[in-house]
Engineer: 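One structure, as structure tokens, below. Some questions next.
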Amino acid sequence: MLKTHNAGELREDHIGAQVTLAGWVNRRRSFGELIFIDLRDRWGVTQVVVDSSEAPEAHAVADSARAEYVIQVTGEVVARGEEAVNPDMPTGAIEVKAHTITVLNEAKNPPFQISEGGTEPNEETRLTYRYLDLRRARLQRNVILRHETILYIRHFLSERGFVEIETPILFKTTPEGARDYLVPSRVHPGRFYALPQSPQQLKQLLMVAGYERYFQIARCFRDEDQRGDRQPEFTQLDLEMSFVERDDVLDLIEELMIGIVEEVSDKRIGQKPFPRLAYREAIEKYGTDRPDLRFGLHLVDLSEVAVQGDFKVFKNAVESGGKVRALVAPGCAGYSRKQISELEDIAREEGAKGLATIAVNEDGSVKSSIAKFFSEEVLAQIVSTAGAGPGDLILIVADAPAIVNEALSTLRTEFGQRLELIDPDVLHFGWVIDFPLVEWNEEEERWDPSHHMFTSPKAEEIALLDSDPGAVHSNQYDLVCNGYEVAGGSIRIHNREVQERIFELIGFDPAEARERFGHILEAFEYGAPPHGGIAPGIDRLVMLLAGEPNIREVIAFPKNQRATDLMAQAPSPVDEHQLHELHIALAVESEE
RNA sequence: GGGGGCGUGGUGUAGUGGUUAACACGCUGGCCUGUCAAGCCAGAGAUCGCGGGUUCGAGUCCCGUCGUCCCCGCCA
């Protein structure tokens, strides 16, 4: 080893020891004949001091050293003078008096400062020089937090009898879901592998194979457009168990999540045990199936009372199957016209045609552009149904339920932030359960699974599959946290007949189902145990644990919004020769 | 596929159609033996993303284009 100690471990106990450290020049402070170097490695920073009168050669090297030079320092650990102690540094009680300094490698001046205190470069620069960004404290912390999270998961599950099993990256295209990443086969001209969107089928087959408890830190690939919480490749804790019921999975994951948060992060759990919300309840209270549970501001339904006036917008909405729903913003009655118009813009962006407001004055009277359509009595009833009090502002949206919920859910989040109701140190988990099995797809005029096609319907509702599929609930469960979906899972179908019935319901003809999923249908005939599982998204989870705004901050080498790697410049053109071997002719002109 | 924000020395920003594009950090050199975001002095460093247009005059206005970020669609 080129070092005897790391730069984070030296303390007063080491005083008098001869040590060799190696790392990067974090900062250099020169007084001419006396030079301080903050030597940084992965474990911390230690101050090195060089005195020209005591170590002239080392001093000359220190004089020429620059930020990010890789150096090796040998010297004695000494106590700092009383005034020189730095209480902000873990190693601040000591310093290393250097007698030898060696430059192991020089460094160009980096495009942005690695040590803390510099200006924050924009993301394009950070991604282009990702290896330098990864050297900075923020990403070092996040990458290590990610490691600790995954390590915790492996220990936790292994102790409980889970087996980690790898599944193929080169697999088969699936007809539903996201766009696949395809890999051409050289051996089979014209055929393609697909990268897995998740190991869903394989983990179910592992249950058929009798492993009973499987997990994998699995890379998944989906060729869809990016978001702050979506990358083309991402990592899931993929997990499956046999002979379980819903609550077995929920209890296990709840214990795991609490353990991770409490052992690995500096965040606090919002509520234990995690609250459970029926899907319907989540939509009613929050307007979304992934609510931020850190604050209240529940939505309220005003449909019944709102039609008792002459306001056509409300009446028409309800008559055509829509809803009139509201959000009460406490203490916001004084909002100006301009502020209200901003809120209206937010509602419009979510598809609402407008936003009605009722401000409740301190004396209990109301101020509202729609007051003229209602009698005083009805108006008072609206206020009381909404649960608004003096000083509050009621925001009302009337439209189709989906639009109303989306608009109010967005406004709810907006007010959570505006009114500072959100504690950034809290992770408020919750379960959403009792999802509908299928949703009607207007465009394609068919039923789509709301989770995926292997999710089992509630046993007591199977009879409804033929008569009223939309009324059937599934054994699906989602784990939400702070407005993000961090895990989704279900108790699966383990019976061929039921699986074929679902395929039929979502519009696969039997021949197609056999072509695509023959292996799994057949497997169900060879003693498939009842089973279920879940897949927490590691990137999102670590993002929340780290308090970061997007998952790129917890992925070592992420891709940008356009799915390119700015550092390596991937994707890139390939040789004609490579294409030829793969039996591929390009339909676009090559860029080069 | 669509909407929006941003693009100015290495980095981050300011810059109201009008002189030599300003500031901070960083960088280079000098001074300095107790700093730790060291300090002081001096200096270098920008074809204002690119192309076109309007104008006597464009970093600034207009059009296009490229890059990047956010959002909608999409993501079983």
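In what follows, every chain begins at residue 1, and chains take the letters A, B, ... in the order their sequences are listed. Side-chain atoms are counted along with the backbone in the values below, which use heavy atoms only and exclude waters and symmetry mates. Please read these numbers as outputs of a predicted model, since none were measured by experiment.
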Engineer: Listing time: all N or O pairs from protein to nucleotides 2-10 of chain B that are below 3.5 Å?
Structural biologist:
from	atom 1	to	atom 2	distance (Å)
G10(B)	O2'	Pro111(A)	O	3.0

Engineer: So, does Arg179(A) get its side chain near the phosphate of G1(B), meaning an N or O under 4.0 Å from OP1 or OP2?
Structural biologist: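 So the side-chain polar atoms of Arg179(A) never come under 4.0 Å of the phosphate oxygens OP1 or OP2 of G1(B).
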Engineer: I'd like to know if Arg222(A) pairs up with Glu233(A) as an ion pair, taking the criterion as any Lys NZ or Arg NE/NH1/NH2 lying under 4.0 Å from an Asp or Glu carboxylate oxygen.
Structural biologist: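 So Arg222(A) does not pair with Glu233(A) through a salt bridge.
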Engineer: At what distance, to the nearest 0.5 angstrom, does NE2 of His14(A) lie from CD of Glu9(A)?
Structural biologist: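 The CD atom of Glu9(A) is 5.5 Å from NE2 of His14(A), to the nearest 0.5 Å.
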Engineer: So, are Arg126(A) and Glu120(A) salt-bridged, with charged N and O less than 4.0 Å apart?
Structural biologist: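 Salt bridge flag = yes for Glu120(A) with Arg126(A).
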Engineer: With no angle test and no hydrogens, is the base of C75(B) tied to the side chain of Arg222(A) by a donor-acceptor pair under 3.5 Å?
Structural biologist: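 No such pair is found, so the answer is no.
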Engineer: In whole Å, I'd like the distance from the CG atom of Asp229(A) to the P atom of C75(B).
Structural biologist: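 Those two atoms, CG and P, are 15 Å apart.
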Engineer: Looking at every strand, decide which applies to Glu33(A) at a 4.0 Å heavy-atom threshold: base, sugar-phosphate, or nothing.
Structural biologist: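 Base contact - Glu33(A) has a heavy atom under 4.0 Å of at least one base atom.
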Engineer: Taking only Lys NZ, Arg NE, NH1 and NH2, and the carboxylate oxygens of Asp or Glu, determine whether Arg138(A) and Glu553(A) approach each other closer than 4.0 Å.
Structural biologist: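 Looking at Arg138(A) and Glu553(A), the cut-off is met.
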Engineer: Which pairs with one or both residues in residues 66-88 of chain A pass side chain to side chain donor-acceptor pair (under 3.5 Å), sequence neighbours excluded?
Structural biologist: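 As it turns out, the side chain to side chain donor-acceptor pair (under 3.5 Å) pairs with a partner in residues 66-88 of chain A, which skip direct neighbours, are Thr20(A)-Thr74(A), Arg40(A)-Glu68(A), Glu68(A)-Arg135(A).
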Engineer: Between the base of U68(B) and the side chain of Asn122(A), is one N or O donor paired with an acceptor at under 3.5 angstrom?
Structural biologist: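 When only heavy-atom distances are counted, Asn122(A) does not reach the base of U68(B) through any donor-acceptor pair under 3.5 Å.
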Engineer: Would you measure the distance from the C1' atom in C48(B) across to the matching atom in G7(B) and give it in whole Å?
Structural biologist: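 Between the two C1' atoms, the distance is 10 Å.
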Engineer: Base, sugar-phosphate, or nothing for Ser115(A), non-hydrogen atoms under 4.0 angstrom?
Structural biologist: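 Nothing, no heavy atom under 4.0 Å.
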Engineer: Any N or O donor-acceptor pair under 3.5 Å from the base of C69(B) to the side chain of Arg227(A)?
Structural biologist: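 Per atom types, no contact qualifies.
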Engineer: Under 3.5 Å, side chain of Ser450(A) to main-chain N/O of Pro436(A), donor-acceptor pair present?
Structural biologist: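 Present.
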Engineer: Can you check whether Gln113(A) has a side-chain N or O nearer than 4.0 Å to OP1 or OP2 of C25(B)?
Structural biologist: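 So the side chain of Gln113(A) is outside the cut-off, no N or O lying under 4.0 Å from OP1 or OP2 of C25(B).
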Engineer: Distance check needed: C71(B) P versus Glu414(A) CD, whole Å only.
Structural biologist: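 Going from CD in Glu414(A) over to P in C71(B) covers 14 Å.
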Engineer: Grab the N/O contacts between the protein and nucleotides 35-39 of chain B below 3.5 Å, and write none if there aren't any.
Structural biologist:
from	atom 1	to	atom 2	distance (Å)
U35(B)	O2'	Arg29(A)	NE	3.3
U35(B)	O2	Arg29(A)	NE	2.8
U35(B)	O2	Arg29(A)	NH2	3.1
U35(B)	O2	Gln47(A)	OE1	3.3
U35(B)	N3	Gln47(A)	OE1	2.8
U35(B)	N3	Gln47(A)	NE2	2.9
U35(B)	O4	Gln47(A)	NE2	2.8
U35(B)	O4	Arg80(A)	NH1	3.3
U35(B)	O4	Ala84(A)	O	3.4
C36(B)	O4'	Arg29(A)	NE	3.1
C36(B)	O2	Gln47(A)	OE1	3.3
C36(B)	O2	Asn86(A)	ND2	3.2
C36(B)	N3	Arg80(A)	NH1	2.7
C36(B)	N4	Ala84(A)	O	2.3
A37(B)	O3'	Arg27(A)	NE	3.3
A38(B)	OP1	Arg27(A)	NE	3.2
A38(B)	OP2	Arg27(A)	NE	3.1
A38(B)	OP2	Arg29(A)	NH1	3.3
A38(B)	N6	Ser30(A)	O	2.8

Engineer: Choose from U33(B), G73(B), G34(B) the nucleotide whose nearest atom is closest to any side-chain atom of Glu406(A).
Structural biologist: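 Closest nucleotide to the Glu406(A) side chain: G73(B).
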Engineer: Please tabulate, for side-chain N and O atoms in residues 536-544 of chain A, each donor-acceptor pair with protein atoms closer than 3.5 Å (sequence neighbours left out).
Structural biologist:
from	atom 1	to	atom 2	distance (Å)
Asp539(A)	OD1	Arg146(A)	NH1	3.0
Asp539(A)	OD1	Arg146(A)	NH2	3.0
Asp539(A)	OD2	Thr235(A)	N	2.7
Arg540(A)	NE	Asp229(A)	O	3.3
Arg540(A)	NH1	Glu485(A)	O	2.9
Arg540(A)	NH2	Asp229(A)	O	3.4

Engineer: Could you give the CZ-to-P distance, from Arg552(A) to U68(B), as a whole number of Å?
Structural biologist: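 About 11 Å, once rounded to whole Å.
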Engineer: Identify which nucleotide among C75(B), C25(B), G67(B) has an atom closest to any side-chain atom of Arg562(A), counting heavy atoms from C-beta outward.
Structural biologist: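 Looking only at side-chain atoms, Arg562(A) lies closest to G67(B).
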Engineer: Do the charged groups of Arg552(A) and Asp133(A) touch, with an N to O distance under 4.0 Å?
Structural biologist: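 Result for this pair is no, no salt bridge flagged.
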Engineer: Return the value, rounded to whole Å, for the distance between atom CD of Glu68(A) and atom C1' of U11(B).
Structural biologist: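 So the CD-C1' distance, Glu68(A) to U11(B), works out to 14 Å.
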Engineer: Could you tell me whether the side chain of Gln47(A) reaches within less than 4.5 Å of the side chain of Ile37(A), counting heavy atoms only?
Structural biologist: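 The answer is no; the side chains never approach within 4.5 Å.
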Engineer: Using a strict threshold of under 4.0 Å (side-chain N to carboxylate O), is an ion pair present between Arg130(A) and Glu123(A)?
Structural biologist: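 Arg130(A) and Glu123(A): not salt-bridged.
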Engineer: Please state the C1' separation for the pair C61(B) and G18(B) - nearest whole angstrom.
Structural biologist: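 Each nucleotide's C1' atom is 14 Å from the other's.
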Engineer: Please list, in numerical order, the residues of residues 472-498 of chain A that have a heavy atom closer than 4.0 Å to any atom of RNA chain B.
Structural biologist: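 Nucleic-acid contacts, sorted: none.
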Engineer: If we call it a pair only when both distances are under 3.5 Å in a Watson-Crick or G-U wobble match, what pairs with G7(B)?
Structural biologist: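 C66(B) - that is the nucleotide pairing with G7(B), both distances being under 3.5 Å.
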Engineer: Regarding Thr455(A), tell me which of base, sugar-phosphate or nothing describes its non-hydrogen contacts under 4.0 Å with the strands shown.
Structural biologist: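 Here Thr455(A) touches no strand at all.
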Engineer: Roughly how many Å apart are U8(B) and G15(B), using the P atom of each and rounding to a whole number?
Structural biologist: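 Going atom to atom, P in each nucleotide, I get 14 Å.
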Engineer: Under 4.0 Å: is that the gap between some side-chain N or O of Arg66(A) and OP1 or OP2 of G29(B)?
Structural biologist: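 Indeed, a polar side-chain atom of Arg66(A) lies that close.
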Engineer: Hey, can you pull the residues of residues 340-354 of chain A with a non-hydrogen atom under 4.0 angstrom from RNA chain B?
Structural biologist: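 Nucleic-acid contacts, sorted: none.
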Engineer: Please determine whether a side-chain nitrogen of the Lys or Arg among Glu342(A) and Arg418(A) lies less than 4.0 Å from a carboxylate oxygen of the Asp or Glu.
Structural biologist: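 Result for this pair is yes, salt bridge flagged.
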Engineer: Between Glu124(A) and Ser450(A), which residue's closest nucleotide on RNA chain B lies nearer the 5′ terminus?
Structural biologist: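 Comparing both residues, the 5'-ward one is Glu124(A).
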Engineer: How long is the straight-line distance from CD1 of Ile35(A) back to OG of Ser30(A), given to the nearest 0.5 Å?
Structural biologist: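 Going from the OG atom of Ser30(A) to the CD1 atom of Ile35(A) covers 4.5 Å.
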Engineer: Which class fits the ring pair Phe508(A) and Phe517(A): parallel under 30°, tilted 30 to 60°, perpendicular over 60°?
Structural biologist: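 Correct class here is parallel.
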Engineer: Under 4.0 Å between any heavy atoms, over every strand shown, what does Leu566(A) touch: base, sugar-phosphate, or nothing? Just pick one.
Structural biologist: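 Leu566(A): backbone/sugar contact only, no base atoms under 4.0 Å.
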